[in-house]
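The next block holds one structure in the form of structure tokens; read it before the comments.
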Protein chains: 2
Amino acid sequence: MGGNLNEAPEFERAPERLGDAAYREMKERIIRGVYRPSHKLTVRAVARDLDVSTTPARDAINRLTSEGALIYAGPKTVVVPVLDASALREITLTRLALEGLASEQAAQNGAPANVEELKSLQGLINSALDEKRYAEALWHNKEFHFTIYRLSGLPQLVSMIETLWLRIGPSLHNLYPEFAEEKYGVRNHEIAMEALGERDAASLRAAMENDIRDGYRRLKRANLERGAGTSA
Amino acid sequence: MGGNLNEAPEFERAPERLGDAAYREMKERIIRGVYRPSHKLTVRAVARDLDVSTTPARDAINRLTSEGALIYAGPKTVVVPVLDASALREITLTRLALEGLASEQAAQNGAPANVEELKSLQGLINSALDEKRYAEALWHNKEFHFTIYRLSGLPQLVSMIETLWLRIGPSLHNLYPEFAEEKYGVRNHEIAMEALGERDAASLRAAMENDIRDGYRRLKRANLERGAGTSA
DNA sequence: GCTGCGTTTTTGTTGCAACAAAATTGTGAA
DNA sequence: TTCACAATTTTGTTGCAACAAAAACGCAGC
């Protein structure tokens, strides 16, 4: 029992398992819209795609399924979920609670450097939007949000929020370009940056909640316009 | 095109995979306190315990780990987490947000039959407490909470809350019997039942939040009294 | 053309062996 | 006794084959 407790409190770095790499890669594809809603995933196909054997592929699919990023739709089929109105509402309610909390906590730890980082991120969002590179705008928008959430200093909470984004990601991309057409929540983001600079927790929370609600309304509307394109 | 759409909207029942059974069994053991904090889990040992091969055992461990019910503590070791003060605070903050939301939503759907069910559950809690069967009291307490949360009609939210309970479960059992000694939140539960009967969302939420905060305080205190019994 | 049924293919699950890495144990020297 | 180092055991990961179940396909009969 030597001075173990005096060593650096860092956990040893694990050598990255293939299953984890597959998981990250699939997560990325889901968020970036490579796999669209109702896309069916088979173990062997994923294994081929990612160039690994069936074991890590199965690990990744199982993990994503248990997180709700993929859903079990019948005896032998795992698919990218298609969100109906009720699921979308549920996720939004949960996001408001969790991202609201994270924003509140983040306000207490906001430093000028963080505001600068957000400003630069917002610049990227705006450029992407102007040049109609919507996927990129969505990506930077995600970074904007999580830069704030990470400031909360609550890593488990941030993870839970990530799983929620993973669930709406596919629907977001499926609704191009209607969804991202309008200036994407620029006003809310500006208010958020100001509030973070002033460490105004209530205002920051309100701005982020408004952003979530705006996105929800837009998503719901686009979804309706698309009609019930559930099958085929 | 038979009347498929007229059939019951149930998903086909999957024939229960071994991995799922292993997962449920381990979850049960964690919540019931069979596996205590800092208990190290090995694939082969779990496989022996549950009498399955390594594959389902590994599946279960992986899933529990990705949910945060187990944690990766070093290159080749997965353990039941020991919650430090910071982790306990984080989980409590998240619980307040999520369980508060679920309670609020539940209030809108409360029926007299539900209040009756809760009353009977509270009876079980009280008896168990009187007769010092603490593990049982904890179990019924869990049922009390989730009976309310399920009324929210938000199944994904309920799942997320379950993963949070899974994270504190071991610590709860580790602090016997100090933790459960006092009448366990009886007052808060009474208020909650009354609020549910009156469909008073704000009061129900407040009662449940108070219950969570009470538990948090008790847990924190018991944890401190135990000292930093981290190792051995 | 369509329906019903048997065959073939695809697919998920499971158990297992091989491998590498880490922990443990044992041994010998100082 | 204590320390260093090597051999052994334990352990997680990975790939793969066998199996059963479900799906897809095709073909014959109406």
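Letters go in sequence order (proteins before strands), and every chain restarts at 1. FYI, side chains are in, hydrogens and waters are out, and symmetry mates aren't considered; it's all heavy atoms of this structure.
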Verify the contact: side-chain N or O of A/Arg58 to OP1 or OP2 of C/dT13, cut-off strictly under 4.0 Å; return yes or no.
yes

Just checking A/Ile61: base, sugar-phosphate only, or nothing, at a heavy-atom cut-off of under 4.0 Å?
nothing

Give one of base, sugar-phosphate or nothing for A/Thr55, where a contact means two heavy atoms less than 4.0 Å apart.
base

Tell me the interatomic distance from A/Arg17, atom CZ, to C/dC19, atom C1', rounded to whole angstroms.
17 Å

Interatomic distance, A/Tyr23 OH vs D/dT13 P [rounded to whole Å]
16 Å

For the pair made of CG in B/Asp59 and C1' in C/dT14, what is the distance, rounded to whole Å?
9 Å

Does B/Arg44 make a side-chain donor-acceptor contact with the base of D/dG12, cut-off 3.5 Å?
yes

For B/Thr54 and A/Thr42, take the nucleotide of DNA chain C holding the closest heavy atom to each; which residue's nucleotide lies nearer the 5' end?
A/Thr42

Give, for atom CG of B/Leu93 and atom CG of A/Leu157, the distance between the pair rounded to the nearest 0.5 Å.
8.5 Å

Whichever of A/Lys40 and B/Ser53 has its nearest DNA chain C nucleotide further upstream toward 5'
A/Lys40

Whole Å only: how far is the CG atom of B/Leu18 from the P atom of C/dG12?
17 Å

Find the distance A/Asn62:CG to C/dT13:C1' and express it as a whole number of Å.
10 Å

Which atoms form the tightest heavy-atom contact between B/Ser66 and A/Ser66, and what is the distance?
OG-OG, 3.8 Å

Between P on C/dT11 and CG on A/Leu41, what's the gap in Å once rounded to a whole number?
12 Å

Could you state the CZ-P distance from B/Arg48 to D/dT11, rounded to the nearest angstrom?
7 Å

Starting at CH2 of B/Trp139, measure out to CG of B/Leu121 and round the result to the nearest 0.5 Å.
11.5 Å

Applying a 4.0 Å non-hydrogen cut-off, can you work out what B/Thr77 is touching in the nucleic acid: base, sugar-phosphate, or nothing?
nothing

Kindly assign one of parallel, tilted or perpendicular to the pair A/His145 and A/Tyr149, based on the angle between their ring planes and the thresholds 30° and 60°.
perpendicular

Residue B/Pro75, side-chain heavy atoms: nucleotide from C/dT14, C/dC16, C/dA22 that is nearest:
C/dA22

Kindly compute the distance separating CD (B/Glu67) from CZ (A/Arg63), expressed to the nearest 0.5 Å.
10.5 Å

Could you tell me the separation between the CD atom of A/Glu16 and the C1' atom of D/dT14, rounded to a whole number of Å?
14 Å

Of the listed D/dG15, D/dT11, C/dG15, the closest approach to the A/Pro56 side chain comes from D/dG15

Taking N and O atoms by type only, does the side chain of A/Lys76 place a donor or acceptor under 3.5 Å from a partner on the base of D/dA21?
yes

